[in-house]
Amino acid sequence: TFYNNKDNIELASDFDKKGNSYWDSIRHEPLSVQEQAIYTMVDSIKNVPQFRTALDLLNLFINGYKVIGNVELGPYFTFYSYNPIEGNRLRLGGRTSNQFSKRLMLEGYGAYGLRDRVFKAGGGATYILKKQPRTELGAYLKNDIEQLGQSQNALRNDNVLSSFFRRNPATKLTLTTEYRAHIDHDWFTGFSSKLSFRFREMQPRGILEYERINEEGRRVQLPFIRTSEIGLFTRFAYKERYVYGEFERISLGTDYPVVSLQYTKSIPDLYGSQYNYQKVVAAVEDEMKLGIFGRLEYRLEAGRTFGAAPYPLLEIHKGNETFFYDDYAFNSMNFFEFVSDQYASVFATHHFDGFFLNRFPLLRKLKWREVLSVKAVAGKYDNRNSQEMLLTNNIFTLNRGPYLEAAVGIENIFKFVRVDALYRLRYLDNPNIVKLGVRIKLQFEF
């Protein structure tokens, strides 16, 4: 039983704050001369200018920020970007560093488009109320262009890579004024709840249009839509493990399924909110290890909107118009291509881990790994939503049946590159689509 529990090590909250005298006092045997020399060598290397420079560059590449005392400038990949609406976009942002505070982080940015000549900005604060169990408070505001219908895993719209490595120009954008606040609490490790409030005013930009039929039966333009929402998000990941920073943390996963539930309720008339609806989204995801046959990752999700709402507030199915593979999006689907008020989706990816390619001596030396993925979504759209806003500009529903796409790929190319060949299997008559395509992804897996 001692060895069976080797992975369930609990670390004291102050383990990294103990001094050398403490460790010397509890060490079973004193350090040898050679061991003491190793400690001295490591401490010396940390002060070598070349090493510190290399460490700073690595931190800049991974985190996107350059630390300068109490401030971190960045992220660097948003300093310049381009889209047809703003033209050349310049952005400067930053946040406070751990040297400023390990409880409070302030952040902000300003951006300017040389074509639309409109200044955009955003900012906010995060405060860690407690670290064990973790309790976080946050408040943010912004007035900026954004791409609705992106997944949480997608490159930001103002990322320089997404500006140029894309198959369609970014012409379906939204100017959003947003105020939001939240409290996020861990009941215990792996089980958390997040209570939030959000106000949004959205205005269409590019080829997007907000139109409805008035009482006289004529099409009229809507200059904006407004909504105020409260939301409750709960996530349960049994025995999940993390790598913690002062403000951020990275999940190391769990051997059990991860379940999440999101409930959102609009508040009519609050700050001019125009709509009355409720939304529920439930999801479960897991990774199943299948021995010599590799491993299967899957995500099942279902959601429904109760009450009528305009299409920007419904489920805009996650598309991808870049050449980068997105695990949480339909990579052959355009942005704003499909909208539903109730839906169910499945994402499945099987990593064969060399089950086939290892049978060929040359390919076995390359250590390439085969991967197969299938993604599908079925949905419905109630026409009562069109009373709030019409579907325009090649926005479709899934009332003709589910959308389906598949991909075959090779991963572990040069240890961190994955390349997939995509196949779109349904709705092949929609305009401006890609039936066959290639996507690339950078990933580090061990």
Side-chain angles (χ1 to χ4, degrees), residues 105 124-142 146 148-153 176-202 225-240 242 247-251 254 256-286 299-318 328 339-345 347 377 379 385:
M105 181 175 68
T126 301
Y127 183 73
I128 306 299
L129 191 63
K130 291 173 59 179
K131 294 196 174 183
Q132 293 294 335
R134 182 182 175 91
T135 303
E136 173 189 302
L137 303 176
Y140 308 90
L141 57 88
K142 75 170 184 179
E146 66 175 309
L148 300 183
Q150 278 189 321
S151 81
Q152 61 183 3
N153 195 51
T176 303
T177 300
E178 180 179 82
Y179 308 96
R180 56 188 170 95
H182 74 265
I183 177 171
D184 195 344
H185 178 69
D186 283 3
W187 302 102
F188 53 83
T189 301
F191 183 42
S192 64
S193 295
K194 182 177 182 179
L195 180 65
S196 61
F197 169 79
R198 179 169 66 168
F199 165 82
R200 287 183 294 169
E201 179 182 285
M202 295 180 282
I225 59 175
R226 287 180 181 151
T227 179
S228 296
E229 301 173 333
I230 57 171
L232 178 62
F233 176 75
T234 298
R235 181 177 180 273
F236 180 55
Y238 185 58
K239 291 189 177 181
E240 186 174 34
Y242 297 94
F247 295 95
E248 300 173 343
R249 60 183 179 179
I250 300 174
S251 173
T254 173
Y256 302 90
V258 178
V259 181
S260 62
L261 180 65
Q262 171 80 48
Y263 172 76
T264 304
K265 174 68 174 71
S266 69
I267 310 175
D269 302 322
L270 181 62
Y271 304 123
S273 179
Q274 302 164 311
Y275 307 101
N276 186 11
Y277 57 87
Q278 301 178 68
K279 299 174 69 174
V280 177
V281 178
V284 58
E285 55 186 307
D286 192 17
R299 176 180 174 84
L300 307 176
E301 182 177 311
R304 181 169 183 177
T305 300
F306 300 88
Y311 71 80
L313 302 180
L314 299 177
E315 177 62 22
I316 304 172
H317 295 292
K318 306 300 185 290
Y328 294 92
V339 174
S340 301
D341 54 44
Q342 53 182 306
Y343 70 96
S345 64
F347 289 13
V377 58
N385 297 301

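Values reported hereafter were calculated over all heavy atoms of this structure, with side chains retained and with hydrogens, waters and symmetry mates removed.
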Q: Using side-chain contact (heavy atoms from CB on, under 4.5 Å), reason through Arg299 and Tyr328 one step at a time and then give a plain yes or no.
A: CA-CA 9 Å; Arg299 176 180 174 84; Tyr328 294 92; 4.2 Å; yes
Q: Would you mind telling me which of Arg304, Glu301, His317 makes a side-chain hydrogen bond (donor to acceptor under 3.5 Å, both in side chains) with Tyr343?
A: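 The passing option is Glu301.
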Q: Around atom OH of Tyr179, are there more than 12 heavy atoms of other residues, nucleotides or ligands at under 6.0 Å?
A: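 No.
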Q: Test of understanding: with side chain to side chain contact (heavy atoms under 4.5 Å, CB included), list the residues that count as partners of Tyr140, not counting sequence neighbours.
A: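 Tyr140 satisfies side chain to side chain contact (heavy atoms under 4.5 Å, CB included) with Glu107, Thr126, Arg180, His182 once adjacent residues are dropped.
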Q: Please collect all salt bridge (charged side-chain N to carboxylate O under 4.0 Å, His left out) contacts where either partner lies in residues 187-202, sequence neighbours excluded, each pair once.
A: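 Checked against salt bridge (charged side-chain N to carboxylate O under 4.0 Å, His left out) - neighbours excluded - the pairs reaching residues 187-202 are Glu178-Arg198, Arg198-Glu229, Arg200-Glu229, Glu201-Arg226.
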Q: Could you tell me which non-hydrogen atom of Ser340 sits nearest to which non-hydrogen atom of Leu314, and how far apart they are?
A: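 Of all heavy-atom pairs spanning Ser340 and Leu314, the closest is O-CB, 3.5 Å.
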Q: Looking at Gln278, I want to see if its CD is surrounded by more than 12 non-hydrogen atoms of other residues, nucleotides or ligands under 6.0 Å.
A: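 Correct, the count exceeds 12.
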Q: Start with the C-alpha gap between Val280 and Leu261, add the side-chain angles, then the distance that decides, and say whether side-chain contact (heavy atoms from CB on, under 4.5 Å) holds.
A: CA-CA 7 Å; Val280 177; Leu261 180 65; 4.1 Å; yes
Q: Counting N and O atoms only, with roles assigned by atom type, does the side chain of Ser273 sit under 3.5 Å from a partner on the main chain of Ile267, one being a donor and the other an acceptor?
A: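 Looks like yes, one N/O pair under 3.5 Å.
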Q: Name all residues meeting the side chain to side chain contact (heavy atoms under 4.5 Å, CB included) criterion together with Val284; count only those two or more places apart in sequence or in a different chain, and write none if there are none.
A: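 Result, side chain to side chain contact (heavy atoms under 4.5 Å, CB included) vs Val284: Pro257, Val259, Leu300.
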Q: Please list, chain by chain and in numerical order, all residues satisfying side chain to side chain donor-acceptor pair (under 3.5 Å) with Tyr127, sequence neighbours excluded.
A: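 Side chain to side chain donor-acceptor pair (under 3.5 Å) check on Tyr127 returns nothing, list empty.
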Q: Among residues at least two apart in sequence or on other chains, which ones pass ring pair (Phe, Tyr, Trp, His ring centres under 6.0 Å) with Tyr256?
A: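 With neighbours one apart ignored, the set is Tyr238.
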Q: Among all residues two or more places apart in sequence or in another chain, which pass the side chain to side chain donor-acceptor pair (under 3.5 Å) test with Glu146?
A: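 Partners of Glu146 under the side chain to side chain donor-acceptor pair (under 3.5 Å) test: Thr176.
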Q: Is there side-chain contact between Asn385 and Tyr311, with at least one heavy-atom pair below 4.5 Å?
A: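 No, every pair of side-chain atoms sits at 4.5 Å or beyond.
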Q: Give a yes or no answer on whether the side chain of Ser151 reaches the backbone of Lys318 with a donor-acceptor pair at less than 3.5 Å.
A: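 A pair under 3.5 Å: no.
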Q: Can you name the residues that form a side chain to side chain donor-acceptor pair (under 3.5 Å) with Thr254, not counting sequence neighbours?
A: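 None.
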Q: Check residues 183-191 and write down every donor-acceptor pair under 3.5 Å in which the side-chain atom is one partner and the other belongs to a residue at least two apart or another chain.
A:
from	atom 1	to	atom 2	distance (Å)
His185	ND1	Thr135	OG1	2.7
Asp186	OD1	Arg249	NH2	3.2
Asp186	OD2	Arg249	NH1	2.7
Asp186	OD2	Arg249	NH2	3.2
Trp187	NE1	Ser193	OG	2.9

Q: Taking side chain to side chain contact (heavy atoms under 4.5 Å, CB included) as the test, write out the residues that go with Gln150, two or more places apart.
A: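 Side chain to side chain contact (heavy atoms under 4.5 Å, CB included) list for Gln150, sorted by chain: Gln147, Ala154, Phe335.
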Q: Closer than 3.5 angstrom, by distance alone: can the side chain of Ser228 be matched with the main-chain N or O of Tyr271 as a donor-acceptor pair?
A: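 No.
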Q: Of all the heavy-atom pairs spanning Gln274 and Ile225, show the shortest one and how long it is.
A: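 Nearest pair, atom of Gln274 first, then Ile225: OE1-CA, 3.2 Å.
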Q: With sequence neighbours left out, write down each residue that passes side chain to side chain donor-acceptor pair (under 3.5 Å) with Arg235, or none if nothing qualifies.
A: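 Once residues adjacent in sequence are excluded, the partners of Arg235 under the side chain to side chain donor-acceptor pair (under 3.5 Å) criterion are Glu240.
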Q: Please identify each residue that fulfils ring pair (Phe, Tyr, Trp, His ring centres under 6.0 Å) with Tyr277, with sequence neighbours left out.
A: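 For Tyr277 there are no ring pair (Phe, Tyr, Trp, His ring centres under 6.0 Å) partners, ignoring immediate neighbours.
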Q: Looking at side-chain heavy atoms only, is the closest gap between Met202 and Leu313 below 4.5 Å?
A: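 They are in side-chain contact.
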Q: With rounding to the nearest 0.5 angstrom, report the CZ to CG distance, Phe197 to Leu270.
A: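 If I round to the nearest 0.5 Å, the distance is 5.0 Å.
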Q: Which pairs pass salt bridge (charged side-chain N to carboxylate O under 4.0 Å, His left out) with one or both residues in residues 260-272, sequence neighbours excluded?
A: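 Listed once each, the pairs would be none.
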